[in-house]
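The block underneath contains the structure these notes are about, expressed in structure tokens.
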Amino acid sequence: MVNALVPHKISLPKAQGTDCAAQYVRMSTDHQRYSIENQAAIIAAYAQARGLEIVRTYRDEGESGLGIKNRPGLRGLINDVRQGRVNFSHILVYDISRWGRFQDIDESAHYEFLCREAGIAVSYCAEQFENDGSVISGIVKNIKRVMAAEYSRELGVKVHAGASHLSRLGFRQGGPPCFGLRRELIDESGRSRGIMERGQWKSLQSDRVVLRPGPQHELETVKLIFERFVDGHLTETKIARELNLGGVLNQGRPWTFGKIHYMLQNDNYIGTIRYNRHSCRLRTVRKENPPADWIIKEGAFDPIVDKTIFAKAQQRLDDRRQLWGVSDEEMLKRLRVLLHRRGRLSRDIINETQGIPSSVAYLTRFGSLRAAYQLIGYTPKRKYEYVESHTDRRAMIESLVLKVARALAKSGKDVRVEQVHQVLRVSAVSISFRVARSRLARGAIHPSWVVIRGRQPPSGLVVVIRLDEGNRAIRDYLMMPASGLVERDLRFSERNRERFGLRQFGTVGGLNEAIKRLLHNLTRLAREASTMESPQSPSSTANTS
């Protein structure tokens, strides 16, 4: 069936067709009638009645329509339209609300305008009007957009009221609990449905979630953290270092200053539930709510930490926060004294020193630690001019992915782009992309570069953007088999680069040609292997016998 729902992949087309269409489908959690299947059925009937062939699908499952940031499907659609990577002249959407429940209706109109400007018509298949640009169409669309936005606002008020009521009863609202705690699912009769694992969510609206103490070894670790902070007078950094050296991990990850600090002020450990401390209504900016608006339920479940110890921990944290109230000059003076005493400064040195504000305090007051260092005349040996921003590195990768994809598509390859993870799929080969930053170890003469593996080991090929020694610009491009990043992050230098299978290319063009040759060779080898493994035909077998 040409109009069947197809997987969410983005193919680079070879030509634009006048009778081809793309469909955009989105499912949040509001109504069953908005399921992906139901939307696809209505869209398919609409396309068949008008002689359109659906050649591509963009989809967002379980995503709110309040904005575009959290919707990779719609982002991919708009990006493809802007960059001309389309082989369709129509975009089919179930209705106005599936396009989005944008709180600013001009934003919704803006994305539709971008499509029309590119010569692509947007049709709402379940609406009772034709999106033909007429005055009536414009009026109805604006009314529908206002209705979609208002629905989200009303729903948000109802959801918040319900969550507040459940919090007053002692039920958990929100995501995963902190270390040492577990979520237990309770049905409407108060019977336990069992402990929920990380990543699990309740499926029935009538079910409730309560917090429970976790495994014994985690409870002992929580108590140890509070004891070392209160009685041992250790800082969060020293506690984290002590736990890491002892092999005690935080759900498989090392402990950090931030994680310990968060635990020390979390009153879940004394059986208290707090809700509505912060607000982020309808994807707006997160804000702090006044204490009068907080919902606090004490004794919601069995405590893990003794209330006396917890109170002492809060007192010590409050005493330390008093240091935040000192003047800029006093903060810088204490930083100079620490520099004179230790000979150097770092985030860990600041955090583990008594009588001085934390690194977060300096970051908040002066914008960054580096800015505070400059004000006292301290220049750390570590270079800070590298491309630190995740956004900058992401932009580098997106630009290279687009260039490689276009080159492969022009050569006749079937290229698919997974935009969320920036991975190219060419036939059965995956191509991942990384940025390698330069680092000069203490006492070293030559720099080294590090390729970060990421949470999941990549497969196929890995293309590396290598920055120069100052991490200011792109030095060259490298390519390696993904098997080199299976077990660990890769640190290499120019002298041992080839030992890790890293091939060097000075330009994107040279990189593209190498990828084409490699894909051609892989295709040829696969064809030869298939020919060798295929069984002999009956006639050849008879002749042989």
Check: What residues form a side chain to side chain contact (heavy atoms under 4.5 Å, CB included) with Val140, not counting sequence neighbours?
Finding: Phe129, Ile136, Lys144
Item checked: Residue Glu150 excluded, over 12 heavy atoms near CD under 6.0 Å -> yes
Item checked: Polar side-chain atom of Asn521 near backbone of Arg517 as donor-acceptor pair, under 3.5 Å -> yes
Checklist line | Any residue meeting side chain to side chain donor-acceptor pair (under 3.5 Å) with Ser411, in chain and number order, not counting sequence neighbours | finding: none
Margin query: Do Asp60 and Tyr24 have side chains that approach each other closer than 4.5 Å (heavy atoms only, starting at C-beta)?
Written below: yes
Next item on the list: Could you tell me which residues satisfy side chain to side chain contact (heavy atoms under 4.5 Å, CB included) with Ala163, sequence neighbours excluded, listed by chain and number?
Entry: Gln173, Tyr275
Notebook entry, point to check: Would you say Trp449 and Leu478 make side-chain contact, with heavy atoms under 4.5 Å?
Noted result: no
Note to self: Just to verify, what does Arg193 make a salt bridge (Lys or Arg N to Asp or Glu O under 4.0 Å) with, not counting sequence neighbours?
What the structure shows: Asp207
Check: Is Arg50 close enough and on-axis enough to Tyr46, meaning under 6.0 Å and within 45°, for cation-pi?
Finding: yes
Next item on the list: List for me each residue that meets salt bridge (Lys or Arg N to Asp or Glu O under 4.0 Å) alongside Asp476, sequence neighbours excluded, and say none if there are none.
Entry: Arg466
Check: By side chain to side chain donor-acceptor pair (under 3.5 Å), which residues pair with Glu184, not counting sequence neighbours?
Finding: Ser192, Arg212
Item checked: Sequence neighbours excluded - salt bridge (charged side-chain N to carboxylate O under 4.0 Å, His left out) pairs with any residue from residues 107-125 -> Glu112-Arg116, Glu112-Lys141, Glu112-Arg145
Item checked: Partners meeting side chain to side chain contact (heavy atoms under 4.5 Å, CB included) with Asp132 (sequence neighbours left out) -> Glu130, Ser134, Ser137
Next item on the list: Check ring-ring contact (aromatic ring centres under 6.0 Å, His included) between Phe102 and all other residues, then give those that pass, not counting sequence neighbours.
Entry: Tyr111
Check: Listed by chain and number, what are the salt bridge (Lys or Arg N to Asp or Glu O under 4.0 Å) partners of Arg439, not counting sequence neighbours?
Finding: none
Margin query: Going by the rule salt bridge (Lys or Arg N to Asp or Glu O under 4.0 Å), which residues pair with Lys259 if we only count those two or more places apart in sequence or in a different chain?
Written below: none
Check: What residues, two or more places apart in sequence or in another chain, satisfy side chain to side chain contact (heavy atoms under 4.5 Å, CB included) together with Lys410?
Finding: none
Item checked: Any donor-acceptor N/O pair, Asn276 side chain to Ile295 backbone, under 3.5 Å -> no
